[in-house]
Trainee: 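Sending over a structure as structure tokens; questions will come in a sec.
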There are 2 protein chains.
Amino acid sequence: MSILERKEREKEYRRRTIIDAAEKVFFSKGFEVATMQDIANEADLSKGTLYLYFKTKNEVCLAIYLRSLKIISSYLEKIIEEKDDAIEKILNFYKVFNLFIGEQPAYYMAILNYRQHGTHCSEDSKILKACIQQNAVINSQLINIIEEGKTRGSIKDDVESANISRLIWNNRTGILSNSVLIETDIASETIQQGKDAIRYFFKLMIEAIRSK
Amino acid sequence: MSILERKEREKEYRRRTIIDAAEKVFFSKGFEVATMQDIANEADLSKGTLYLYFKTKNEVCLAIYLRSLKIISSYLEKIIEEKDDAIEKILNFYKVFNLFIGEQPAYYMAILNYRQHGTHCSEDSKILKACIQQNAVINSQLINIIEEGKTRGSIKDDVESANISRLIWNNRTGILSNSVLIETDIASETIQQGKDAIRYFFKLMIEAIRSK
DNA sequence: ACAATTAATGACCGCCAGTCAGTTTGTCAA
DNA sequence: TTGACAAACTGACTGGCGGTCATTAATTGT
């Protein structure tokens, strides 16, 4: 049994190696321009081997996306543990996410690109399912915060926590997960405006949901 | 001079023909899967001819996006003309946009795909510039509505109209222009949830900006 | 009628995702 | 140790697409 276990570990290690290489390549060249051959070179493997671990290039992208989601989720976990008020927790998440953008641009880009990669992927992809699952976790963490605020009295009773959660973080409607706050080829000067809009969103939202 | 004018008209007509064909093909097959050959076939032209009118496939996508923006802009124009209150006008835009999604899904998809196409396009593309310009128009139309509301007293004086505009409609942060409220390959059952989140966004925002 | 200019064509190129027959490496029983 | 079997790995190859360009067709002006 030990050999089987070791093999499993080695397989997992290879997988990680490939994802690590993909991160480097994607971030230095961009998701579109990077090729599977680039990733193979970076990982010192042949292209064929990549396809033993990932069915498509899209799946590699999703693997990086999944890592991003786990990071976000762990941030939220820490925030939830703190003894802050719910409103504070929401603001903390906003602040932490802003830092995340600056410090982990590669992961942030993976989040932005999910819309594209997630929709061009076979429905029964294991990794896609894992991503959907991890998003659900984040969703419930946010709902958790809002509901706690309602119980403690800092947030109005009639606030729709599920919708707040979707407005903040959801791959379809979330303002954090969908806003492009990183330099792309064009219009780099508008990033600050975007960040300011997000700040204002949180200001308005909190104004609307906090108990008077 | 008449001949030159006629030629100009014919050129413009060809261009429209190509965009019409592209719309059909893109919507029936999806932006990614559709090929330039498909568009050429649909338009009864050769592939080479397409490239006499558009530099890249991306530009064809942008041409459709530009049409979408003009539709949105014309909606806003009508809304602004009405004698409604500013809050009413904002709600009208929300309602009209919801109808737009259902009635013009192809154009709606073009809006969603802009992020992808706009960023992979040479900066000096004429059509890209036109898109940016048209977005600026929409932006100023929205600001116009908010500022009018401030003057008339239905919206609080300290509301940041530019940021409201960016939150509603902006290719980086706009909730209407970025939320995916149409069936993609996966997760079709969540559309209603997304729409509900948008509805709630408008509810909260209006609550926060209307004069008490 | 005949250049000259403009429009249209489709065979062709380079590139890349994805495949697969063949090779290497690892395992284990005899 | 050996040999047979399996698992992991390889890279040449394929198909298909975006984009090009030499050639052909159509239009205009003289």
Side-chain angles (χ1 to χ4, degrees), chain A residues 1-19 21-22 25-26 28-64 113 116-117 119-122 125 127, chain B residues 1-19 21-22 25-26 28-64 113 116-122 125 127-128:
Chain A
M1 205 52 167
S2 167
I3 284 174
L4 222 72
E5 279 175 3
R6 200 200 69 219
K7 283 209 164 189
E8 205 55 45
R9 272 206 313 279
E10 279 174 358
K11 253 185 169 175
E12 193 47 42
Y13 176 76
R14 260 290 135 82
R15 247 186 85 89
R16 273 210 306 278
T17 307
I18 294 171
I19 303 175
V25 174
F26 282 156
S28 69
K29 294 192 139 190
F31 280 86
E32 306 303 318
V33 186
T35 70
M36 288 298 265
Q37 191 60 58
D38 291 334
I39 299 171
N41 293 344
E42 178 70 38
D44 285 320
L45 289 168
S46 77
K47 197 167 66 149
T49 305
L50 265 52
Y51 284 91
L52 294 175
Y53 292 85
F54 298 92
K55 279 205 275 290
T56 63
K57 185 183 172 188
N58 253 317
E59 285 211 342
V60 183
C61 299
L62 287 182
I64 299 175
N113 282 306
Q116 191 182 337
H117 301 134
T119 52
H120 298 290
C121 194
S122 75
S125 155
I127 189 152
Chain B
M1 206 52 168
S2 166
I3 284 173
L4 222 73
E5 277 174 4
R6 200 199 68 217
K7 282 209 166 188
E8 205 56 44
R9 274 205 313 278
E10 279 174 358
K11 252 185 169 174
E12 193 47 43
Y13 176 75
R14 260 289 134 83
R15 247 185 87 90
R16 274 210 305 277
T17 307
I18 294 171
I19 302 175
V25 175
F26 282 155
S28 70
K29 294 192 140 189
F31 280 85
E32 307 303 319
V33 186
T35 70
M36 287 299 263
Q37 190 60 59
D38 291 333
I39 299 171
N41 292 344
E42 178 70 37
D44 284 321
L45 289 168
S46 75
K47 196 167 67 151
T49 305
L50 265 53
Y51 285 91
L52 294 176
Y53 293 84
F54 297 92
K55 279 205 274 289
T56 64
K57 185 184 174 187
N58 252 316
E59 285 211 342
V60 182
C61 300
L62 287 182
I64 299 175
N113 281 304
Q116 191 182 336
H117 302 134
T119 52
H120 297 291
C121 192
S122 74
S125 155
I127 190 153
L128 177 58

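Source: prediction; values computed, not measured. Quick note on labels: first sequence line is chain A, next is B, and so on, each numbered from 1.
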Trainee: Take the protein atom CG of B:Asp44 and the nucleotide atom C1' of C:dT9, then report the distance between them rounded to whole Å.
Mentor: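 It works out to 14 Å between those atoms.
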Trainee: How long is the line joining CD of B:Glu10 and C1' of C:dT6, in whole Å?
Mentor: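 After rounding, the reported distance stands at 12 Å.
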Trainee: Return the value, rounded to whole Å, for the distance between atom CD1 of A:Ile39 and atom P of C:dC16.
Mentor: 12 Å
Trainee: Side chain of A:Thr35 only, heavy atoms from C-beta on: which candidate in C:dA8, D:dC9, C:dC16 is closest?
Mentor: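 It is C:dC16.
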Trainee: Using the side-chain hydrogen bond (donor to acceptor under 3.5 Å, both in side chains) rule, collect all pairs that involve residues 46-55 of chain A, keeping only residues at least two apart or in two chains.
Mentor: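 Of all non-adjacent pairs touching residues 46-55 of chain A, those that pass side-chain hydrogen bond (donor to acceptor under 3.5 Å, both in side chains) are A:Ser46-A:Thr49.
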Trainee: Counting only side-chain heavy atoms from C-beta out, which of C:dG18, C:dT9, D:dC9 sits nearest to B:Leu45?
Mentor: C:dT9
Trainee: Over how many whole Å does the gap from B:Lys55 atom NZ to D:dG18 atom P extend?
Mentor: 18 Å
Trainee: Check this for me: does the side-chain of B:Lys47 come within 3.5 Å of the base of D:dG19 through a donor and an acceptor?
Mentor: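 A donor-acceptor contact between them is present.
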Trainee: Regarding A:Ala40, tell me which of base, sugar-phosphate or nothing describes its non-hydrogen contacts under 4.0 Å with the strands shown.
Mentor: nothing
Trainee: Side-chain contact test, heavy atoms from C-beta onward, threshold under 4.5 Å: evaluate it for A:Gln116 versus A:Phe31 and give yes or no.
Mentor: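 In short, these two side chains do not touch, never coming nearer than 4.5 Å.
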Trainee: B:Lys7 has a side chain; which of D:dT27, D:dG19, D:dT10 sits nearest to it?
Mentor: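 Nucleotide nearest to B:Lys7's side chain: D:dT27.
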Trainee: Under 4.0 angstrom, heavy atoms only, what part of the nucleic acid is A:Tyr53 near: base, sugar-phosphate, or nothing?
Mentor: sugar-phosphate
Trainee: Starting at CZ of A:Phe31 and ending at C1' of C:dA17, how long is that distance when rounded to a whole Å?
Mentor: 17 Å
Trainee: Which of the following nucleotides, C:dA8, C:dT6, C:dA17, is nearest to the side chain of A:Met36?
Mentor: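 From the listed options, C:dA17 comes nearest.
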Trainee: For a quick test of reading the model: is some side-chain N or O of B:Thr49 closer than 4.0 Å to OP1 or OP2 of C:dT9?
Mentor: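 The answer is yes; a side-chain N or O of B:Thr49 sits under 4.0 Å from OP1 or OP2.
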Trainee: Do B:Lys11 and B:Arg16 have side chains that get closer than 4.5 Å, going by heavy atoms?
Mentor: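 No. Closest side-chain heavy atoms not under 4.5 Å.
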Trainee: Once salt bridge (Lys or Arg N to Asp or Glu O under 4.0 Å) is applied, what residue pairs with a partner in residues 36-46 of chain B remain, sequence neighbours excluded?
Mentor: B:Lys24-B:Glu42, B:Lys29-B:Asp38
Trainee: Evaluate the side-chain contact (heavy atoms from CB on, under 4.5 Å) criterion for residues B:Arg14 and B:Leu45: first the C-alpha distance (whole Å), next the side-chain angles of each, then the deciding distance (0.1 Å), finally the verdict.
Mentor: CA-CA 10 Å; B:Arg14 260 289 134 83; B:Leu45 289 168; 3.8 Å; yes
Trainee: Between C1' on D:dG16 and CD on B:Glu32, what's the gap in Å once rounded to a whole number?
Mentor: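 Between C1' of D:dG16 and CD of B:Glu32: 15 Å.
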Trainee: Among D:dT28, D:dG19, C:dA8, which nucleotide has an atom closest to any side-chain atom of B:Lys57?
Mentor: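 In terms of side-chain proximity for B:Lys57, the closest of D:dT28, D:dG19, C:dA8 is D:dG19.
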Trainee: Would A:Glu10 and A:Arg6 pass as an ion pair if we require N to O under 4.0 Å?
Mentor: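 Salt bridge between A:Glu10 and A:Arg6, a charged N being under 4.0 Å from a carboxylate O: yes.
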Trainee: Judged by each residue's nearest nucleotide on DNA chain D, which is more toward the 5′ side, A:Gly48 or B:Gly48?
Mentor: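 Whichever sits nearer the 5' end wins; that is A:Gly48.
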Trainee: Picking from C:dG26, C:dG18, C:dA8, which would you name as closest to the side chain of B:Ser46?
Mentor: C:dA8
Trainee: Using whole Å, what does the distance between atom C1' of nucleotide D:dC9 and atom CG of A:Leu50 come to?
Mentor: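 Result: 11 Å.
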Trainee: C:dA7, D:dC9, D:dG19: which one has an atom nearest the side-chain heavy atoms of B:Leu52?
Mentor: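 Selected nucleotide: C:dA7.
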Trainee: D:dC17, C:dG26, D:dT28: which one has an atom nearest the side-chain heavy atoms of A:Arg6?
Mentor: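 Ranking D:dC17, C:dG26, D:dT28 by closest atom to the A:Arg6 side chain puts C:dG26 first.
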Trainee: Rounded to the Å, how far apart are B:Arg15 CZ and C:dA8 C1'?
Mentor: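 About 17 Å, once rounded to whole Å.
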Trainee: Of the candidate nucleotides D:dT28, C:dA8, C:dT19, which contains the atom at the shortest distance from the side chain of A:Tyr51?
Mentor: C:dT19
